[in-house]
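Here is the structure we will look at.
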Amino acid sequence: VAEKNRIREFSFSYGGQESIALKPGYLDTSRVERVRKNSTKKTVVWLAKDWDFAIVKIQHLEGDKECYQMELSSGSVNGRIITGSKSVPKPTK
């Protein structure tokens with residue numbers, strides 16, 4: 001990540017695939033979590049697989065105290081409006 005006059009590196013772990021319900025519909029996503037050492041903070045990011053891995057949801061937890069979350073309500077990728085399925089996805093085995 002470029003920050004002011006320097007580059008910061010972050011580590012992430014893959015948390016699997018997840019179908020999530022957002023305003024545009026159900027989106028198939030890859031879930032990744034930021035890896036931190038000696039911290040109770042937790043940041044999770046959901047990337048839309050069918051939309052060039054656009055970030056569609058971010059959740060940040062500060063230990064037991066606070067939770068911040070952002071979710072995509074609308075957007076586009078390469079001029080195409082992001083849409084998802086309107087029906088509930090079938091559970092995976």
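Atom set for the values below is all heavy atoms of this structure, side chains included, hydrogens, waters and symmetry mates excluded.
Under the 4.5 Å side-chain contact rule for hydrophobic residues, Ile7 and Val35 do not share a cluster. In the hydrophobic cluster analysis, where Ile, Leu, Val, Met, Phe, Trp and Tyr join through side-chain heavy atoms closer than 4.5 angstrom, Tyr14 is grouped apart from Val56. Note: the hydrophobic cluster containing Met70 does not contain Ile82 (ILVMFWY, side chain heavy atoms under 4.5 Å, direct or indirect links). Grouping the Ile, Leu, Val, Met, Phe, Trp and Tyr side chains by contacts below 4.5 angstrom, directly or via other members, places Val45 with Val1.
Between Val77 and Ala54, the shortest heavy-atom distance links the atoms CG2-CB, 4.2 Å. Here the shortest heavy-atom pairing between Pro24 and Lys86 reads O-NZ, 3.0 Å.
Between atom CD1 of residue Ile55 and atom CD of residue Glu71 there is a gap of 14.0 Å, rounded to the nearest 0.5 Å. The SG atom of Cys67 lies 10.0 Å from the CD atom of Glu62; values are rounded to the nearest 0.5 Å. Put simply, CD on Glu33 and CZ on Arg31 are 6.0 Å apart, with the number rounded to the nearest 0.5 Å. Going from atom CD of Glu66 over to atom NZ of Lys41 covers 10.5 Å, rounded to the nearest 0.5 Å. Between atom CG of residue Leu47 and atom NZ of residue Lys57 there is a gap of 12.5 Å, rounded to the nearest 0.5 Å.
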Begin with the C-alpha distance, continue with both residues' side-chain angles, and end with the deciding distance and a verdict on side chain to side chain contact (heavy atoms under 4.5 Å, CB included) for Asp50 and Leu27. CA-CA 8 Å; Asp50 296 331; Leu27 297 172; over 6 Å; no

Val32 and Val44: CA distance, side-chain angles, deciding distance, side chain to side chain contact (heavy atoms under 4.5 Å, CB included) verdict: CA-CA 6 Å; Val32 294; Val44 182; over 6 Å; no

Should Asn78 and Trp51 be marked as a side chain to side chain contact (heavy atoms under 4.5 Å, CB included) after you check the CA-CA gap, both sets of side-chain angles, and the distance that decides it? CA-CA 9 Å; Asn78 296 325; Trp51 297 97; over 6 Å; no

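Residue Trp46 is tested with Asp28, Thr29, Leu22 for a side-chain contact (heavy atoms from CB on, under 4.5 Å); the sole match is Thr29.
Open room surrounds NZ on Lys23; 12 or fewer heavy atoms of other groups in view lie less than 6.0 Å from it. Remark: Lys65 NZ is loosely packed, at most 12 non-hydrogen atoms of other residues, nucleotides or ligands lying under 6.0 Å away.
Partners of Arg80 by salt bridge (charged side-chain N to carboxylate O under 4.0 Å, His left out), not counting sequence neighbours: none found.
Other members of the cluster containing Val88 are Tyr26, with ILVMFWY side chains joined at under 4.5 Å, either directly or via other members.
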